[in-house]
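First comes the structure, then the notes that go with it.
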Protein chains: 2
Amino acid sequence: MANPTIKDVAKMANVSIATVSLVIHDHKRISRVTKQKVLEAIERLNYYPSRSARGLVSQKTGNIGFILTNDHFLRTEPFYTNIFIGTEFEARENELYVLLTTVDSNFKDSDPLPRFILERNVDGIIIAGKVPSILTEKLCDFNLPLIFVDFQPVKRNCPVVVVDNNLGGKMATNHLIEYGHKNIGFVGGDIDHPSISERYKGYTAAMEQAKLTLNKNFIDFVEDYPARTNGFQAASRLFKNNKDITAVFACNDAMALGIIDYLKDNGKRVPEDVSVIGFDDVVSENSNGPSLSTIRVPKMEMGVEAMKLMSSFLKEGINHNKKVLVPVELIIRNSTQKI
Amino acid sequence: MANPTIKDVAKMANVSIATVSLVIHDHKRISRVTKQKVLEAIERLNYYPSRSARGLVSQKTGNIGFILTNDHFLRTEPFYTNIFIGTEFEARENELYVLLTTVDSNFKDSDPLPRFILERNVDGIIIAGKVPSILTEKLCDFNLPLIFVDFQPVKRNCPVVVVDNNLGGKMATNHLIEYGHKNIGFVGGDIDHPSISERYKGYTAAMEQAKLTLNKNFIDFVEDYPARTNGFQAASRLFKNNKDITAVFACNDAMALGIIDYLKDNGKRVPEDVSVIGFDDVVSENSNGPSLSTIRVPKMEMGVEAMKLMSSFLKEGINHNKKVLVPVELIIRNSTQKI
DNA sequence: CATAATTAGTTAAACGTTTAACTAAGGACA
DNA sequence: TGTCCTTAGTTAAACGTTTAACTAATTATG
């Protein structure tokens, strides 16, 4: 049969459609023999309930929306892609599907919300990375479960999966300090971004703890997206006036690569003359040549954790406003060395 | 109102729900004034039709399934991820969503099909990369539109988006030939894979055209997945007995990197002693150090093209069994040089 | 002027489930 | 023996749309 429905099963098993439905949901009011009879019919007809019909009456779609900004989506760095893959992975374990969409990086009040929300086509929403707070506000009105990953909104108190950026910043800086560096630069992106400010705080904390002077000239923040070319620019500013910097901690790998580009262009060797460490570990997999020391962020795991929070909330209904802090790891490769 | 339905709109506009539906579908039987009245009510109530209800009656879900194998999914190479991203991108242009799932690389007849098919939760399926033919057979039974990307099934005649692998293989080989190389090795993966065999054919064609002898000892196929470590292994076999190879064309970038790993470990310099060229261009974005010459494959565009085929089929219903051949591009970087 | 055709809308069935409320048949109990 | 529980199932409404078939009013046609 083309597409058997619950009616076909009921007919074949000689019961009402309600009975079939109850069997599917393993309801206790059904006797052993009837259950068996129905299950056989289901098997023989190769019947599966229609998602649309189910969704209509139960108001559950089995879909989770995944939102990130254009910027994060289009940058080819696989950072958010890997988080997404993680959610996909865990979704499958829980019989869910993920609908991905993007919103403009400067979402306005008048902009339409993602279609899957308006059409009530998701049971919950995972938001990855920094999004405009106006968006967060609007999403909250839909009372759909909302989970943030790699970004903690300031106002709202939602379950969140974040990297221990502060610790990571400390680890990166301490690694350079342990290698004997004293004049350690920092290159950051938008300081308003929680992740970046936390990494910066880790840097300053480590420096202070080691009783190293925090030289303002050794610190550079770019306003733009923290991309490779901006790392290059930042390095040019940094090294023009500070010939004595021997190590730089970049707030992410892309900027670290830009810094290395600059140093090479200007006759400095990495790591012989200058050590450089990044953050995120997005370079490793398919790279060639001297590799980048960095702080690894478990991107897939973050997605997995976010989806776990979502799924347990949907099943158990407890909104344990949890904050999952995923661990970071120092990865020492060939862009840092002892002084 | 929490979730306005078509009834609420009808009541507010003083018409029947049918009229509201007709307005939504821009049916011509509705007068200008009524249409205006209804649109206002829709606007004021902030009404959007429910996807589930719509799906139930129209038998259209607005979702497209995207299937690839575990292997392709779990390998961290961003090849298929980028194709997926491309489908996502184009999906949004066409008011569609993409449901991603994987199947086992050796899918058996008894394995269950992806849930979104059984639950009738997709309007079409895009299959990325090589999948077991038994899966293709089973999928065909559902008469859902089926589009293949980066893989052309042998038996079935479906619309397909593929790379011009043959041309790419020629381009890579010709590049080495133009650089003066004569003893050019080839490292391939599973020769049964259409993409790989095409690349190999391109290699042999270019060699023959240049009247270079095809030395069987210069050619190595690995049986396993064409990954970095396997490239290393292949190189070790190749160079053990053939000291005079000056250039290698690897069937993909991952193997090329493995070959470079081997050469470095054995005191050979790339490109000074041996030139190496890959295929796919998956290394570029975030790499460091001497970069890999390769044949670029427009991964995102492939996804876009596949979704375009799907969307136009769903709209116009013409199954123009098209074969879209996406162009490749020679990217000369620092892993190849003139002899 | 009667009839046909057109226009603009309504009615009602259908899509395939879930589930609250009901029922019928036994058995337990006073 | 009549009443009350249980047990195991059924009935029917509901979910929110789409759309074929219908209707009523207006306009065109012979």
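To find a chain, count down the sequence lines: A is the first, B the second, and so on, and within it residues start at 1.
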Excluding sequence neighbours, so at least two apart, what forms side chain to side chain donor-acceptor pair (under 3.5 Å) with [X]?
X	result
B:E90	B:N94
A:E93	none
A:K155	none

**Prompt:** With a 4.0 Å cut-off, would you call B:D111 and B:K108 a salt bridge?
**Reply:**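 Counted as a salt bridge, because a side-chain N and a carboxylate O are separated by less than 4.0 Å.
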
Output a table of donor-acceptor pairs, distance under 3.5 Å, between side-chain atoms of residues 34-44 of chain A and any protein atom two or more places apart or on a different chain; print 'none' if there are none.
residue	atom	partner	partner atom	Å
A:T34	OG1	A:S31	OG	2.9
A:K35	NZ	A:D26	OD1	2.7

**Prompt:** Quick one: B:K35 NZ to C:dG9 P, roughly how many Å, whole number?
**Reply:**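 Between P of C:dG9 and NZ of B:K35: 12 Å.
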
Tell me the ring pair (Phe, Tyr, Trp, His ring centres under 6.0 Å) pairs involving [range], sequence neighbours left out?
range	result
residues 6-47 of chain A	none
residues 92-112 of chain B	A:F116-B:Y97
residues 135-159 of chain B	none

**Sequence-aligned protein contact record of nucleotides 11-19 of chain C, with B where the base is within under 4.0 Å of a protein heavy atom and S where only the sugar-phosphate is** = B---BBBBB

**Request:** Could you note down all residue pairs passing salt bridge (charged side-chain N to carboxylate O under 4.0 Å, His left out) where residues 299-324 of chain B supplies at least one of them, sequence neighbours left out?
**Result:**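 Listed once each, the pairs would be none.
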
**Request:** Quick one: which residue pairs count as a salt bridge (charged side-chain N to carboxylate O under 4.0 Å, His left out) with a foot in residues 47-58 of chain A, not counting sequence neighbours?
**Result:**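 For residues 47-58 of chain A, and leaving out neighbouring residues, the salt bridge (charged side-chain N to carboxylate O under 4.0 Å, His left out) pairs sorted by first residue read A:R51-B:E119.
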
**Message:** Over the length of the helix from C:dC1-D:dG30 to C:dA30-D:dT1, how much do the five-pair end axes diverge, rounded to 10 degrees?
**Reply:**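 About 60° separates the two local helix axes.
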
Between protein and nucleic acid, restricted to nucleotides 22-24 of chain C and to nitrogen or oxygen atoms under 3.5 Å apart, what atom pairs and distances do you find?
none

